[in-house]
Amino acid sequence: MRKKVLGLVLTIVMLISLVGCSSNKDVSTSGGDATKDTPAATEAPATDSTTETAPPATTDKTFKVGISMPTKSLERWNRDGSYLQQQFQSLGYEAELTYSDNKSDQQVNDIQNLIADGVNLLVIAAIDGDTLSTVLQDAKAQNIPVISYDRLIMNTDAISYYVSFDNYTVGKLQGQYIVDTLDLDNAGDKTFNLEVTAGDPADNNATYFYNGAMDVLKPYIDKGTLKVPSGQTKFEEVATAAWDTATALDRMQNILASYYADGTQLDVALCSNDSTALGVTQAIESDYAGSNTPIITGQDGDVANLKNLLDGKQSMTVYKAVANEAVVTVALAQEILAGNKPDASLTDKFDCAATYDTESYDNGTGKIPSYLLVPDVVTKDNYKEKLVDTGYYKLGDDGYLVAAQ
Ligand code: BGC
(Lines give C-alpha, C1' and ligand atoms only; values in the text may rest on other atoms or scores of the structure.)
Protein backbone atom coordinates (compact mmCIF):
# COMPACT_ATOMS: atom_id res chain seq x y z
CA MET A 1 0.00 0.00 0.00
CA ARG A 2 2.89 2.28 0.86
CA LYS A 3 4.21 1.67 -2.65
CA LYS A 4 0.87 2.66 -4.09
CA VAL A 5 0.83 5.91 -2.14
CA LEU A 6 4.38 6.66 -3.23
CA GLY A 7 3.37 5.94 -6.81
CA LEU A 8 0.57 8.43 -6.39
CA VAL A 9 2.93 11.05 -5.04
CA LEU A 10 5.36 10.53 -7.86
CA THR A 11 2.81 10.60 -10.59
CA ILE A 12 1.34 13.82 -9.31
CA VAL A 13 4.75 15.36 -9.11
CA MET A 14 5.40 14.19 -12.66
CA LEU A 15 2.20 15.84 -13.81
CA ILE A 16 2.79 19.13 -12.09
CA SER A 17 6.45 19.58 -12.78
CA LEU A 18 6.20 20.60 -16.39
CA VAL A 19 9.17 22.74 -15.54
CA GLY A 20 11.49 21.26 -12.95
CA CYS A 21 12.57 17.80 -11.90
CA SER A 22 11.18 15.00 -13.95
CA SER A 23 10.21 11.77 -12.31
CA ASN A 24 12.53 8.79 -12.40
CA LYS A 25 12.16 5.43 -14.15
CA ASP A 26 10.34 3.77 -11.26
CA VAL A 27 7.72 6.42 -11.51
CA SER A 28 7.07 6.12 -15.21
CA THR A 29 6.68 2.38 -14.92
CA SER A 30 4.16 2.72 -12.11
CA GLY A 31 2.26 5.33 -14.06
CA GLY A 32 -0.88 3.26 -14.75
CA ASP A 33 -1.80 2.56 -11.16
CA ALA A 34 -0.74 5.89 -9.90
CA THR A 35 -2.70 7.81 -12.49
CA LYS A 36 -5.80 5.90 -11.50
CA ASP A 37 -5.27 7.01 -7.94
CA THR A 38 -4.48 10.60 -8.74
CA PRO A 39 -7.04 12.73 -6.95
CA ALA A 40 -9.01 15.31 -8.87
CA ALA A 41 -8.52 18.87 -7.81
CA THR A 42 -11.64 18.76 -5.66
CA GLU A 43 -10.71 15.54 -3.90
CA ALA A 44 -8.74 15.41 -0.71
CA PRO A 45 -5.35 13.81 -1.30
CA ALA A 46 -4.44 10.47 0.23
CA THR A 47 -7.81 9.99 1.86
CA ASP A 48 -7.67 6.23 1.87
CA SER A 49 -8.21 5.76 5.57
CA THR A 50 -7.75 2.02 5.25
CA THR A 51 -4.03 2.31 4.57
CA GLU A 52 -1.42 2.55 7.27
CA THR A 53 0.04 5.57 5.49
CA ALA A 54 -3.23 7.45 5.35
CA PRO A 55 -3.09 10.85 7.00
CA PRO A 56 -5.30 11.39 9.99
CA ALA A 57 -8.77 12.96 9.64
CA THR A 58 -8.69 13.65 5.94
CA THR A 59 -11.56 11.65 4.61
CA ASP A 60 -13.85 14.63 4.61
CA LYS A 61 -11.28 17.36 4.56
CA THR A 62 -8.65 18.74 2.22
CA PHE A 63 -5.21 19.41 3.61
CA LYS A 64 -4.41 23.05 3.94
CA VAL A 65 -0.86 24.25 3.63
CA GLY A 66 0.41 27.66 4.73
CA ILE A 67 3.22 29.13 2.64
CA SER A 68 5.03 32.10 4.17
CA MET A 69 7.42 33.88 1.81
CA PRO A 70 9.59 36.89 2.74
CA THR A 71 8.87 39.52 0.12
CA LYS A 72 7.77 40.15 -3.41
CA SER A 73 10.48 42.75 -3.83
CA LEU A 74 13.24 40.18 -4.29
CA GLU A 75 12.43 38.42 -7.54
CA ARG A 76 13.01 34.80 -6.73
CA TRP A 77 10.41 34.60 -3.94
CA ASN A 78 7.66 35.38 -6.44
CA ARG A 79 8.70 32.29 -8.34
CA ASP A 80 9.05 30.17 -5.19
CA GLY A 81 5.65 31.23 -3.89
CA SER A 82 3.86 30.61 -7.13
CA TYR A 83 5.56 27.25 -7.83
CA LEU A 84 4.75 26.04 -4.33
CA GLN A 85 1.17 27.23 -4.43
CA GLN A 86 0.54 25.80 -7.89
CA GLN A 87 2.08 22.46 -7.04
CA PHE A 88 0.16 22.07 -3.79
CA GLN A 89 -3.06 23.10 -5.51
CA SER A 90 -2.46 20.63 -8.33
CA LEU A 91 -2.59 17.94 -5.67
CA GLY A 92 -5.91 19.16 -4.40
CA TYR A 93 -4.48 20.90 -1.36
CA GLU A 94 -5.61 24.29 -0.26
CA ALA A 95 -2.55 26.52 -0.28
CA GLU A 96 -2.57 29.90 1.43
CA LEU A 97 0.36 32.06 0.37
CA THR A 98 1.56 35.12 2.27
CA TYR A 99 4.31 37.66 1.61
CA SER A 100 5.50 39.77 4.53
CA ASP A 101 7.16 42.73 2.84
CA ASN A 102 10.55 41.80 4.34
CA LYS A 103 9.25 42.79 7.80
CA SER A 104 9.84 40.13 10.40
CA ASP A 105 7.01 41.36 12.68
CA GLN A 106 4.65 41.05 9.76
CA GLN A 107 5.88 37.53 9.05
CA VAL A 108 5.14 36.56 12.67
CA ASN A 109 1.59 37.93 12.23
CA ASP A 110 1.17 36.20 8.89
CA ILE A 111 2.24 32.86 10.38
CA GLN A 112 -0.10 33.40 13.35
CA ASN A 113 -2.94 33.96 10.88
CA LEU A 114 -2.04 30.86 8.90
CA ILE A 115 -2.13 28.83 12.12
CA ALA A 116 -5.47 30.41 13.03
CA ASP A 117 -6.76 29.51 9.57
CA GLY A 118 -6.17 25.86 10.40
CA VAL A 119 -3.24 24.94 8.18
CA ASN A 120 -2.00 21.37 8.51
CA LEU A 121 1.59 22.20 7.56
CA LEU A 122 3.73 25.31 7.18
CA VAL A 123 6.38 26.05 4.58
CA ILE A 124 8.38 29.08 5.68
CA ALA A 125 11.20 31.08 4.11
CA ALA A 126 12.21 33.27 7.05
CA ILE A 127 12.95 36.97 6.77
CA ASP A 128 14.96 36.86 9.97
CA GLY A 129 15.88 33.35 10.98
CA ASP A 130 16.01 34.31 14.65
CA THR A 131 12.59 35.84 15.16
CA LEU A 132 10.18 32.97 14.65
CA SER A 133 10.77 30.83 17.76
CA THR A 134 7.72 32.05 19.66
CA VAL A 135 5.20 31.78 16.85
CA LEU A 136 6.55 28.38 15.93
CA GLN A 137 6.00 27.19 19.49
CA ASP A 138 2.31 27.71 18.74
CA ALA A 139 2.67 25.65 15.58
CA LYS A 140 4.38 22.89 17.53
CA ALA A 141 1.75 22.96 20.27
CA GLN A 142 -0.87 22.35 17.56
CA ASN A 143 1.16 19.58 15.89
CA ILE A 144 1.65 21.59 12.73
CA PRO A 145 4.83 20.40 11.02
CA VAL A 146 7.12 23.13 9.70
CA ILE A 147 9.39 22.90 6.67
CA SER A 148 12.11 25.53 6.77
CA TYR A 149 12.27 26.58 3.13
CA ASP A 150 15.56 27.73 1.58
CA ARG A 151 16.64 29.63 4.73
CA LEU A 152 17.20 27.78 7.99
CA ILE A 153 15.01 28.99 10.85
CA MET A 154 17.15 29.22 13.96
CA ASN A 155 16.70 28.37 17.62
CA THR A 156 13.46 26.46 17.50
CA ASP A 157 12.79 22.75 17.75
CA ALA A 158 9.53 23.20 15.84
CA ILE A 159 11.28 22.60 12.50
CA SER A 160 10.79 19.15 11.02
CA TYR A 161 12.96 19.50 7.90
CA TYR A 162 14.99 21.96 5.89
CA VAL A 163 14.86 22.16 2.08
CA SER A 164 17.42 24.30 0.29
CA PHE A 165 20.28 24.28 -2.14
CA ASP A 166 23.80 23.51 -1.04
CA ASN A 167 24.44 27.07 0.08
CA TYR A 168 28.16 26.66 0.79
CA THR A 169 28.63 25.31 -2.74
CA VAL A 170 26.88 28.40 -4.15
CA GLY A 171 29.69 30.51 -2.70
CA LYS A 172 32.37 28.06 -3.78
CA LEU A 173 31.12 28.21 -7.36
CA GLN A 174 31.39 32.01 -7.29
CA GLY A 175 34.90 31.88 -5.85
CA GLN A 176 36.05 29.21 -8.28
CA TYR A 177 34.63 31.16 -11.21
CA ILE A 178 36.85 34.08 -10.20
CA VAL A 179 39.92 31.85 -9.77
CA ASP A 180 39.39 30.26 -13.18
CA THR A 181 38.49 33.43 -15.07
CA LEU A 182 41.49 35.38 -13.78
CA ASP A 183 43.64 32.24 -13.99
CA LEU A 184 44.90 33.04 -10.51
CA ASP A 185 46.98 29.87 -10.28
CA ASN A 186 49.19 31.13 -13.09
CA ALA A 187 49.16 34.80 -12.15
CA GLY A 188 52.84 34.95 -11.24
CA ASP A 189 53.55 38.46 -9.91
CA LYS A 190 50.35 39.87 -11.36
CA THR A 191 47.83 41.18 -8.83
CA PHE A 192 44.10 41.82 -9.09
CA ASN A 193 41.78 44.06 -7.10
CA LEU A 194 38.70 42.57 -5.51
CA GLU A 195 35.74 43.99 -3.59
CA VAL A 196 33.27 41.83 -1.71
CA THR A 197 29.51 42.28 -1.24
CA ALA A 198 27.66 39.74 0.88
CA GLY A 199 24.07 39.19 1.94
CA ASP A 200 21.73 39.87 4.83
CA PRO A 201 23.10 38.98 8.29
CA ALA A 202 19.56 38.02 9.35
CA ASP A 203 19.56 35.30 6.69
CA ASN A 204 21.38 32.16 7.79
CA ASN A 205 22.28 31.44 4.15
CA ALA A 206 24.32 34.61 3.80
CA THR A 207 27.33 33.37 5.77
CA TYR A 208 27.29 30.06 3.90
CA PHE A 209 27.54 31.88 0.58
CA TYR A 210 30.22 34.21 1.94
CA ASN A 211 32.25 31.41 3.53
CA GLY A 212 32.05 29.23 0.44
CA ALA A 213 33.44 32.01 -1.76
CA MET A 214 36.00 33.29 0.72
CA ASP A 215 37.34 29.80 1.46
CA VAL A 216 38.22 29.58 -2.24
CA LEU A 217 39.59 33.15 -2.51
CA LYS A 218 41.40 33.51 0.81
CA PRO A 219 44.58 31.66 -0.23
CA TYR A 220 44.96 34.13 -3.11
CA ILE A 221 44.30 37.08 -0.79
CA ASP A 222 46.88 35.72 1.66
CA LYS A 223 49.40 35.30 -1.16
CA GLY A 224 48.79 38.86 -2.37
CA THR A 225 47.51 37.82 -5.80
CA LEU A 226 44.14 39.25 -4.85
CA LYS A 227 44.17 42.64 -3.14
CA VAL A 228 41.19 44.36 -1.53
CA PRO A 229 41.82 48.13 -1.74
CA SER A 230 38.93 48.96 0.65
CA GLY A 231 40.31 46.52 3.18
CA GLN A 232 36.75 45.33 3.79
CA THR A 233 36.67 41.56 3.85
CA LYS A 234 34.97 40.55 7.10
CA PHE A 235 31.37 39.42 6.77
CA GLU A 236 30.14 42.21 9.06
CA GLU A 237 31.88 44.78 6.85
CA VAL A 238 30.57 43.51 3.53
CA ALA A 239 27.04 42.38 4.50
CA THR A 240 23.97 43.97 2.88
CA ALA A 241 20.90 44.35 5.11
CA ALA A 242 17.79 42.83 3.52
CA TRP A 243 19.81 41.96 0.39
CA ASP A 244 18.80 45.42 -0.74
CA THR A 245 19.93 46.62 -4.17
CA ALA A 246 20.05 50.31 -3.17
CA THR A 247 22.15 49.50 -0.09
CA ALA A 248 24.65 47.55 -2.18
CA LEU A 249 24.69 50.39 -4.72
CA ASP A 250 25.43 53.01 -2.05
CA ARG A 251 28.19 51.00 -0.46
CA MET A 252 29.92 50.33 -3.78
CA GLN A 253 29.65 54.00 -4.75
CA ASN A 254 31.40 54.89 -1.49
CA ILE A 255 34.10 52.32 -2.11
CA LEU A 256 34.66 53.56 -5.66
CA ALA A 257 34.86 57.17 -4.49
CA SER A 258 37.24 56.34 -1.64
CA TYR A 259 39.60 53.80 -3.20
CA TYR A 260 39.25 53.88 -6.98
CA ALA A 261 38.78 57.55 -7.89
CA ASP A 262 42.51 57.80 -8.75
CA GLY A 263 42.09 55.28 -11.56
CA THR A 264 42.91 52.19 -9.52
CA GLN A 265 41.55 49.23 -11.46
CA LEU A 266 38.76 47.11 -10.00
CA ASP A 267 39.08 43.62 -11.45
CA VAL A 268 36.38 41.74 -9.65
CA ALA A 269 33.29 42.34 -7.54
CA LEU A 270 32.25 39.22 -5.67
CA CYS A 271 28.52 39.59 -5.04
CA SER A 272 26.63 36.92 -3.14
CA ASN A 273 23.43 37.23 -5.16
CA ASP A 274 21.72 39.02 -8.01
CA SER A 275 19.92 41.73 -6.02
CA THR A 276 23.25 42.92 -4.61
CA ALA A 277 25.01 42.41 -7.97
CA LEU A 278 22.42 44.69 -9.55
CA GLY A 279 23.34 47.54 -7.19
CA VAL A 280 27.06 46.95 -7.59
CA THR A 281 26.72 46.92 -11.38
CA GLN A 282 24.80 50.21 -11.28
CA ALA A 283 27.50 51.76 -9.09
CA ILE A 284 30.21 50.61 -11.48
CA GLU A 285 28.28 51.93 -14.47
CA SER A 286 27.77 55.33 -12.90
CA ASP A 287 30.85 55.89 -10.73
CA TYR A 288 33.77 53.76 -11.86
CA ALA A 289 36.62 55.67 -13.45
CA GLY A 290 38.39 52.66 -14.98
CA SER A 291 37.89 51.45 -18.53
CA ASN A 292 37.86 47.71 -17.91
CA THR A 293 34.73 45.69 -17.18
CA PRO A 294 35.11 44.07 -13.76
CA ILE A 295 34.03 40.49 -13.22
CA ILE A 296 30.75 40.51 -11.28
CA THR A 297 29.26 37.38 -9.73
CA GLY A 298 25.67 36.75 -8.69
CA GLN A 299 23.11 34.17 -7.76
CA ASP A 300 19.49 33.42 -8.75
CA GLY A 301 19.06 34.29 -12.40
CA ASP A 302 16.87 37.35 -11.83
CA VAL A 303 15.58 38.71 -15.13
CA ALA A 304 17.37 42.07 -14.81
CA ASN A 305 20.65 40.27 -14.06
CA LEU A 306 20.23 37.89 -16.98
CA LYS A 307 19.85 40.97 -19.18
CA ASN A 308 23.11 42.27 -17.72
CA LEU A 309 24.68 38.87 -18.34
CA LEU A 310 23.74 38.98 -22.01
CA ASP A 311 24.93 42.60 -22.21
CA GLY A 312 28.30 41.61 -20.72
CA LYS A 313 27.80 43.64 -17.53
CA GLN A 314 27.48 40.71 -15.12
CA SER A 315 29.77 37.74 -15.64
CA MET A 316 27.92 34.85 -14.07
CA THR A 317 25.05 33.89 -11.84
CA VAL A 318 24.66 30.78 -9.76
CA TYR A 319 21.32 29.42 -10.85
CA LYS A 320 19.14 27.53 -8.43
CA ALA A 321 16.13 25.88 -10.03
CA VAL A 322 13.50 26.91 -7.52
CA ALA A 323 10.90 24.92 -9.43
CA ASN A 324 12.80 21.85 -8.25
CA GLU A 325 13.06 23.18 -4.72
CA ALA A 326 9.27 23.37 -4.75
CA VAL A 327 8.94 19.85 -6.16
CA VAL A 328 11.09 18.43 -3.36
CA THR A 329 9.24 20.48 -0.74
CA VAL A 330 5.82 19.38 -1.93
CA ALA A 331 6.81 15.71 -2.00
CA LEU A 332 8.31 16.07 1.48
CA ALA A 333 5.11 17.73 2.72
CA GLN A 334 3.04 14.90 1.30
CA GLU A 335 5.12 12.32 3.10
CA ILE A 336 4.92 14.21 6.38
CA LEU A 337 1.17 14.67 6.06
CA ALA A 338 0.83 10.98 5.26
CA GLY A 339 2.30 10.27 8.66
CA ASN A 340 5.62 9.01 7.32
CA LYS A 341 9.11 9.94 8.43
CA PRO A 342 10.87 10.94 5.21
CA ASP A 343 14.55 10.08 4.97
CA ALA A 344 17.23 9.67 2.30
CA SER A 345 14.93 7.50 0.19
CA LEU A 346 12.86 10.55 -0.74
CA THR A 347 15.71 11.66 -2.98
CA ASP A 348 15.26 8.56 -5.17
CA LYS A 349 12.02 9.93 -6.46
CA PHE A 350 13.47 12.67 -8.61
CA ASP A 351 15.84 13.00 -11.51
CA CYS A 352 17.08 16.27 -10.11
CA ALA A 353 20.03 15.75 -7.84
CA ALA A 354 19.25 16.33 -4.18
CA THR A 355 21.15 15.00 -1.21
CA TYR A 356 19.78 14.12 2.20
CA ASP A 357 22.05 15.70 4.80
CA THR A 358 21.69 15.20 8.53
CA GLU A 359 24.98 16.83 9.52
CA SER A 360 25.47 20.26 7.97
CA TYR A 361 22.63 22.39 9.32
CA ASP A 362 22.32 22.91 13.05
CA ASN A 363 19.76 25.55 14.00
CA GLY A 364 20.89 25.86 17.59
CA THR A 365 18.54 23.16 18.87
CA GLY A 366 20.19 20.33 16.97
CA LYS A 367 20.88 19.16 13.45
CA ILE A 368 17.96 19.57 11.11
CA PRO A 369 17.50 16.88 8.44
CA SER A 370 17.98 18.64 5.15
CA TYR A 371 17.30 18.06 1.48
CA LEU A 372 19.86 20.02 -0.52
CA LEU A 373 19.62 20.60 -4.24
CA VAL A 374 22.54 21.34 -6.52
CA PRO A 375 23.30 24.87 -7.78
CA ASP A 376 24.78 25.52 -11.22
CA VAL A 377 26.89 28.21 -12.87
CA VAL A 378 25.24 30.16 -15.70
CA THR A 379 27.24 32.42 -18.02
CA LYS A 380 26.74 34.09 -21.37
CA ASP A 381 28.20 30.97 -22.96
CA ASN A 382 25.85 28.40 -21.49
CA TYR A 383 22.63 30.24 -20.66
CA LYS A 384 20.74 28.75 -23.63
CA GLU A 385 21.53 25.21 -22.57
CA LYS A 386 21.02 25.81 -18.83
CA LEU A 387 18.04 28.13 -18.84
CA VAL A 388 16.23 28.06 -22.17
CA ASP A 389 16.58 24.40 -23.23
CA THR A 390 15.53 23.37 -19.72
CA GLY A 391 12.35 25.41 -20.01
CA TYR A 392 13.00 27.69 -17.04
CA TYR A 393 13.16 30.81 -19.21
CA LYS A 394 12.30 31.72 -22.75
CA LEU A 395 13.73 34.31 -25.06
CA GLY A 396 11.54 37.37 -25.34
CA ASP A 397 11.05 39.38 -28.53
CA ASP A 398 13.78 41.77 -27.42
CA GLY A 399 16.30 38.89 -27.27
CA TYR A 400 16.43 38.88 -23.47
CA LEU A 401 15.27 36.15 -21.14
CA VAL A 402 11.89 36.11 -19.47
CA ALA A 403 10.70 33.61 -16.91
CA ALA A 404 8.79 30.80 -18.62
CA GLN A 405 6.02 30.84 -16.00
C1 BGC B 1 18.42 32.93 -1.09
C2 BGC B 1 18.99 33.55 -2.33
C3 BGC B 1 18.47 34.97 -2.51
C4 BGC B 1 18.55 35.78 -1.22
C5 BGC B 1 17.83 37.10 -1.34
C6 BGC B 1 18.69 33.83 0.08
O7 BGC B 1 18.21 33.26 1.25
O8 BGC B 1 18.96 31.65 -0.89
O9 BGC B 1 18.65 32.76 -3.44
O10 BGC B 1 19.22 35.63 -3.47
O11 BGC B 1 18.01 35.07 -0.15
O12 BGC B 1 16.52 36.93 -1.74
Side-chain angles (χ1 to χ4, degrees), residues 9 12-13 16-17 20-21 45-46 55 62-72 74 76-100 102 104 106-129 131-133 135-136 138-140 142-154 156-165 167 203-205 320-338 340 342 346 350 354 361 363 368-373:
V9 168
I12 293 166
V13 167
I16 60 181
S17 53
C21 304
T62 303
F63 277 129
K64 187 168 183 176
V65 174
I67 305 165
S68 169
M69 292 286 117
T71 176
K72 289 189 164 222
L74 294 162
R76 68 159 286 184
W77 306 109
N78 295 276
R79 287 200 295 274
D80 292 87
S82 96
Y83 280 129
L84 284 164
Q85 191 175 40
Q86 277 171 28
Q87 293 187 19
F88 277 119
Q89 286 174 344
S90 309
L91 293 166
Y93 288 54
E94 278 181 51
E96 199 175 336
L97 169 62
T98 60
Y99 285 91
S100 307
N102 250 351
S104 44
Q106 189 175 323
Q107 187 165 40
V108 170
N109 283 338
D110 287 341
I111 294 170
Q112 266 161 356
N113 289 337
L114 291 170
I115 294 172
D117 284 352
V119 296
N120 303 99
L121 179 138
L122 284 162
V123 177
I124 301 172
I127 293 164
D128 182 333
T131 56
L132 299 179
S133 310
V135 67
L136 293 187
D138 292 349
K140 192 178 177 195
Q142 297 185 43
N143 292 321
I144 301 169
V146 178
I147 298 175
S148 188
Y149 183 82
D150 200 80
R151 300 170 169 178
L152 187 61
I153 303 171
M154 305 303 287
T156 167
D157 63 358
I159 305 300
S160 310
Y161 288 92
Y162 177 46
V163 178
S164 193
F165 282 79
N167 297 304
D203 177 352
N204 187 60
N205 286 352
K320 304 190 299 189
V322 296
N324 295 349
E325 197 173 1
V327 166
V328 173
T329 303
V330 170
L332 174 62
Q334 284 185 291
E335 288 280 301
I336 296 170
L337 288 169
N340 296 327
L346 188 78
F350 306 105
Y361 287 93
N363 83 337
I368 307 295
S370 307
Y371 293 93
L372 302 175
L373 292 100

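Side-chain atoms of Lys140 and Thr156, non-hydrogen and from C-beta on, never get closer than 4.5 Å to each other. Between Leu84 and Met69 there is a side-chain heavy-atom pair separated by less than 4.5 Å. By the 4.5 Å heavy-atom criterion applied to side chains, Tyr361 and Asn167 are counted as neighbours. Proximity of Ile127 to Thr71: side-chain heavy atoms (C-beta onward) are nowhere separated by under 4.5 Å. Contact of the Lys64 side chain with the Glu96 side chain is registered, since non-hydrogen atoms from C-beta on lie closer than 4.5 Å. Counting only heavy atoms from C-beta outward, the side chains of Leu122 and Ile115 approach each other to under 4.5 Å. Two residues are said to be in side-chain contact when any heavy atoms from C-beta on lie closer than 4.5 Å; Asp138 and Ile144 fail this criterion.
Pairing each heavy atom of Val146 with each of Ala139, the nearest pair is CG2-CB, 4.2 Å. Here the shortest heavy-atom pairing between Thr131 and Ser104 reads OG1-CB, 3.7 Å. Considering every non-hydrogen atom in both Ile153 and Ala126, the closest pair reads CG1-CB, 3.9 Å. Minimum heavy-atom separation, Gln87 to Ala323: NE2-O, 3.6 Å. Contact record, Gly81 with Tyr99: CA-OH, 3.5 Å, taken as the closest heavy-atom pair. The minimum heavy-atom distance between Ile111 and Ser68, with the atom names listed, is CG1-OG, 3.9 Å.
Atom CG in Asn324 sits 6.0 Å away from atom CG in Leu373 (nearest 0.5 Å). Taken from CD1 in Ile124 to OG in Ser100, the straight-line distance is 9.5 Å, to the nearest 0.5 Å. Separating the OG1 atom in Thr98 from the CG atom in Asp117 is a distance of 10.0 Å, to the nearest 0.5 Å. Interatomic distance, Leu114 CG to Leu121 CG, rounded to the nearest 0.5 Å: 11.0 Å. Atom CD1 of residue Ile368 and atom OG of residue Ser148 lie 8.0 Å apart, to the nearest 0.5 angstrom. Taking CD1 of Ile67 as the start and OH of Tyr83 as the end, the distance is 14.0 Å to the nearest 0.5 Å.
Checked by atom type and distance alone, the side chain of Gln107 pairs as donor or acceptor with a backbone atom of Ala125 at under 3.5 Å. With hydrogens and angles ignored, the 3.5 Å screen pairs no side-chain donor or acceptor of Arg151 with any backbone N or O of Asp203. Tyr162 places no side-chain N or O within 3.5 Å of a backbone atom of Tyr149 that could act as its donor or acceptor partner. Side-chain atoms of Gln85 come within 3.5 Å of backbone N or O of Ala95 as a donor-acceptor pair.
Test Val123, Ile336, Leu332, Ile159 against Pro145 for side chain to side chain contact (heavy atoms under 4.5 Å, CB included) and you get one pass: Ile336.
Side chains of Asn120 and Tyr93: a donor-acceptor N/O pair is absent below 3.5 angstrom, by distance only.
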Quick one: do Asp150 and Trp77 satisfy side-chain contact (heavy atoms from CB on, under 4.5 Å)? Show the steps, please.
CA-CA 10 Å; Asp150 200 80; Trp77 306 109; 3.6 Å; yes
